[in-house]
Amino acid sequence: MPQTGLMMNRPLLISGILEHAAAQFGEQEIVSRETHGPLHRTTYAQAAQRARQLANALAQLGLKAGSAVGSIAWNNHRHLEAYYAVSGSGMVMHTCNPRLHPQQLIYVINHAEDEVVLFDATFAPLIKGIAAHCPQVRAWVCLADAANTPAIEGVSSVLNYEDLIHGHSAHFDWPDLDETSGAALCYTSGTTGNPKGVLYSHRAIVMNATTACLPDVLALSTQETVLPVVPMFHINAWCIPYAALLSGTKLVFPGPKLDGPSLYELMESEQVTISAGVPTIWMGLIQHVEQNNLRFATMKRTAVGGSAMPMALVAKFMDTYGVEVRHGWGMTETTAVATMSNLSRTDRQKPAAEQHAIVAKQGKTVSGIEIKVVDENGQTLPRDGSSQGELMVRGQWIVERYYKSDTSALVNGWFPTGDIATIDTQGTMQIRDRTKDVIKTGGEWISSIDLENAAIAHPAVAMAAVIGIKHPKWDERPLLFIVRKPGQSLEKADILEFLATKVAKWWVPDDVVFLESLPVGGTGKVQKNELRKTYGGVFS
Ligand code: ADP
């Protein structure tokens with residue numbers, strides 16, 4: 001019979017991170033782009049004080065442990081304070097994706113039973129449209145002062161954040177919660193059916209945030225300055241708002257300004273060393289940097305995930321700009337990062353192209369996570385780098401069941417991700433596609449990700465996407481969408497010839513559609529379902 005260890009059983013709590021940050025790194029800076037434009041500067045100590053004031057204010061509004069508070073907001077310092085005040089007091093911080101369809105927003109706010117919703121002024125028109133359909137929301141709190149809070153016609157319960165917390169004590173006794181209590185709630189984007197809620201526990205978040213700080217993950221520390229571009233409404237901004245405070249890292253928030261020029265300016269002026277976001281954001285940034293012949297003075301590392309990072313972009317960051325790329329994989333159901341690509345000491349001796357290929361894979365599991373790939377009968381496939389199957393994941397911060405669901409989401413203790421992947425002998429995982437995006441042709445599979453990566457390597461291509469189109473003979477065939485770089489000429493024959501040198505002949509798309517832009521969703525991913533709606537006919 002194993003003995004019980006004789007150590008204290010102190011819970012892993014989000015309030016613990018805040019108080020640690022305030023006590024150990026009180027002077028550390030938080031720089032935040034206000035929704036109305038200017039930069040705002042504060043410190044960890046001040047943010048902690050204001051989080052405690054907010055906790056008191058929410059209690060006075062009648063919210064209790066277990067209540068839910070929604071947010072429809074950018075990455076900014078008030079949103080950060082709310083992250084801690086809400087979860088720290090035992091309530092649930094429900095971050096809403098503002099680009100959900102309004103009907104879905106209403107659905108998630110009601111499903112989560114949000115009693116207060118925090119919002120940025122940008123989203124006032126949205127609030128106007130949905131407020132009447134969210135009867136249990138007793139206050140809509142604009143994350144601003146009185147001067148920057150718009151009146152919303154027809155919504156009487158609009159407060160502003162500064163007045164709400166004003167006069168409240170900066171002392172708050174954070175409850176000693178059970179570490180398994182719900183702390184934050186995030187809904188999947190619901191491309192099929194209603195969005196599903198994932199209720200993260202304090203334990204899951206603290207463990208993930210601790211792992212995120214490790215040198216081979218994000219490598220956060222007091223020496224670094226991190227700019228999370230990944231939204232705080234998208235999987236807790238990959239837990240960076242927690243990891244930064246845990247490690248004492250200077251935080252820079254971009255607010256609503258996510259375009260290339262604004263991000264570049266902020267990175268340079270605040271001497272950002274680490275950033276994180278989806279590939280589409282980095283494409284915008286690199287375009288700006290290239291067109292204006294700029295360099296990064298302090299940026300040394302960028303974490304990328306959410307969709308596959310094309311190898312051509314990896315190469316550009318690493319070789320042209322000397323910025324290391326860490327490519328991670330995760331999903332709403334995995335709290336944040338689950339795997340991350342990394343170059344080992346021996347990898348770093350390899351030719352540049354081989355290094356890019358390693359980084360373009362989604363990498364190895366971080367400690368706490370296990371993965372496997374299975375065939376359609378659930379049999380585990382070999383780790384040989386070529387056997388493709390559904391990726392299954394389990395670990396200390398993986399969902400067990402969706403919010404308010406009676407049934408487990410697991411299959412024999414593993415979460416089925418809906419991604420198709422390979423794992424090699426070294427444990428390196430590569431996402432080949434999502435089960436719904438893979439193109440099934442003549443009994444074989446074409447990876448839309450691999451085709452997109454090949455297309456984007458063409459110098460005239462800014463963005464590429466591939467979908468499968470029904471075909472009478474082959475079941476499905478690939479259709480390629482291209483956004484040209486500004487001022488570049490590129491025709492169908494050029495790109496198809498180029499692809500013929502990069503991929504197997506039967507992979508070469510049957511047709512190419514040139515677009516001005518691709519439909520991009522709230523989390524920065526190309527919305528292939530939109531492309532399917534418009535172009536998903538039948539090839540003859
Ligand atoms: P959704 O994309 O449906 O909004 P999530 O934001 O939870 O949902 O995204 C999770 C999905 O994003 C994963 O299942 C996977 O398909 C994709 N994904 C995440 N990171 C990567 C990556 N590095 N490479 C390829 N695909 C990725």
Side-chain angles (χ1 to χ4, degrees), residues 95-101 104 108 184-198 200 208 217 230-239 276-282 302-311 313-314 325-342 357-366 369 371 373 388 390-393 397-399 402 409 415-423 428-438 447-453 456 464-466 519-530:
T95 52
C96 303
N97 183 341
R99 294 193 195 105
L100 282 179
H101 186 278
Q104 290 191 327
V108 298
L185 179 61
C186 185
Y187 283 77
T188 60
S189 55
T191 42
T192 51
N194 274 326
K196 295 191 285 265
V198 179
Y200 308 108
N208 180 279
V217 186
V230 50
M232 290 171 74
F233 58 75
H234 186 213
I235 329 182
N236 313 309
W238 301 345
C239 281
V278 293
T280 40
I281 287 286
W282 300 142
T302 175
V304 194
S307 49
M309 178 76 163
M311 215 182 334
L313 203 53
V314 174
V325 177
R326 298 263 171 99
H327 186 192
W329 169 87
M331 55 201 307
T332 308
E333 290 87 342
T334 68
T335 308
V337 68
T339 72
M340 184 142 269
S341 69
N342 226 310
I358 295 167
V359 174
K361 294 180 181 171
Q362 284 73 10
K364 294 166 183 278
T365 52
V366 295
I369 297 295
I371 52 172
V373 286
Q388 296 190 25
E390 182 168 11
L391 179 67
M392 312 287 282
V393 61
W397 51 81
I398 307 299
V399 72
Y402 291 103
F415 178 74
T417 63
D419 285 339
I420 296 165
T422 53
I423 305 176
T428 300
M429 186 271 285
Q430 182 173 12
I431 299 281
R432 311 307 295 225
D433 222 324
R434 301 182 96 165
T435 38
K436 59 179 199 261
D437 292 341
V438 73
S447 156
S448 64
I449 294 182
D450 286 357
L451 259 185
E452 288 156 8
N453 274 345
I456 213 147
V466 175
V520 174
T523 53
K525 302 184 197 197
V526 173
Q527 291 178 305
K528 292 195 183 178
N529 51 333
E530 292 299 319

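As the structure lists them, so they are numbered: ligands from 1, and atoms in each ligand from 1.
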Inset, instruction - Please examine the side chains of Thr280 and Lys525, heavy atoms only from C-beta on, and report whether any two atoms are closer than 4.5 Å. - result: no
Legend entry - Heavy-atom donor-acceptor pair, Thr435 side chain to Gly418 backbone, under 3.5 Å: yes
Legend entry - Closest non-hydrogen atom pair between Asp450 and Gln430, with its separation: OD1-NE2, 4.3 Å
Inset, instruction - Answer yes or no for Gly521: is there a heavy-atom contact with ligand 1 below 4.0 Å? - result: no
Inset, instruction - Please indicate whether any nitrogen or oxygen in Thr417 is less than 3.5 Å from any nitrogen or oxygen in ligand 1. - result: no
Legend entry - Close-contact set for ligand 1 against Gly328 heavy atoms, below 4.0 Å: 20 (N), 22 (C), 23 (N)
Legend entry - Selected option - heavy-atom contact closest to atom 8 (O) of ligand 1, from Arg432, Gln527, Lys525, Gln362: Lys525
Inset, instruction - Check step by step if side-chain contact (heavy atoms from CB on, under 4.5 Å) holds for Leu391 and Ile431. - result: CA-CA 8 Å; Leu391 179 67; Ile431 299 281; 4.0 Å; yes
Legend entry - Trp329 neighbourhood, listing ligand 1 atoms whose heavy-atom distance to it stays under 4.0 Å: 13 (C), 15 (C), 18 (N), 19 (C), 20 (N), 21 (C), 27 (C)
Inset, instruction - Might you point out which heavy atoms bring Asp419 and Arg434 nearest each other, and give the distance in Å? - result: OD1-CG, 3.5 Å
Inset, instruction - Run the numbers on Ile235 and Tyr200 for side-chain contact (heavy atoms from CB on, under 4.5 Å), then give the verdict. - result: CA-CA 10 Å; Ile235 329 182; Tyr200 308 108; 3.8 Å; yes
Legend entry - Test salt bridge (Lys or Arg N to Asp or Glu O under 4.0 Å) applied to Lys528 - qualifying residues, sequence neighbours left out: Glu452
Legend entry - Per-atom contacts, ligand 1 versus Gly306 - under 4.0 Å to a heavy atom: 12 (O), 17 (C), 18 (N), 19 (C), 20 (N), 21 (C), 27 (C)
Inset, instruction - Mark the output for His234 as yes if a heavy-atom distance to ligand 1 is under 4.0 Å, and as no if none is. - result: yes
Legend entry - Backbone or side-chain N or O of Met309 under 3.5 Å from ligand 1 N or O: no
Legend entry - Distance-minimising heavy-atom pair for Trp238 and Val278: CH2-N, 4.3 Å
Inset, instruction - Kindly identify the option in Ile235, Asp419, Ile449, Thr339 whose heavy atom sits closest to atom 15 (C) of ligand 1. - result: Asp419
Inset, instruction - Answer with side chain, backbone, both or neither: which part of His327 has a heavy atom less than 4.0 angstrom from an atom of ligand 1? - result: side chain
Legend entry - Evaluation steps, side-chain contact (heavy atoms from CB on, under 4.5 Å), between Thr422 and Val373: CA-CA 7 Å; Thr422 53; Val373 286; over 6 Å; no
Inset, instruction - Mind checking whether Ala308 contacts ligand 1 via backbone (N, CA, C, O), side chain (CB onward), both or neither, at a 4.0 Å heavy-atom cut-off? - result: both
Legend entry - Whether Ser307 lies under 4.0 Å from ligand 1, heavy atom: yes
Legend entry - Contacting atoms of ligand 1, where contact means under 4.0 angstrom from a heavy atom of Met331: 7 (O), 10 (C), 14 (O)
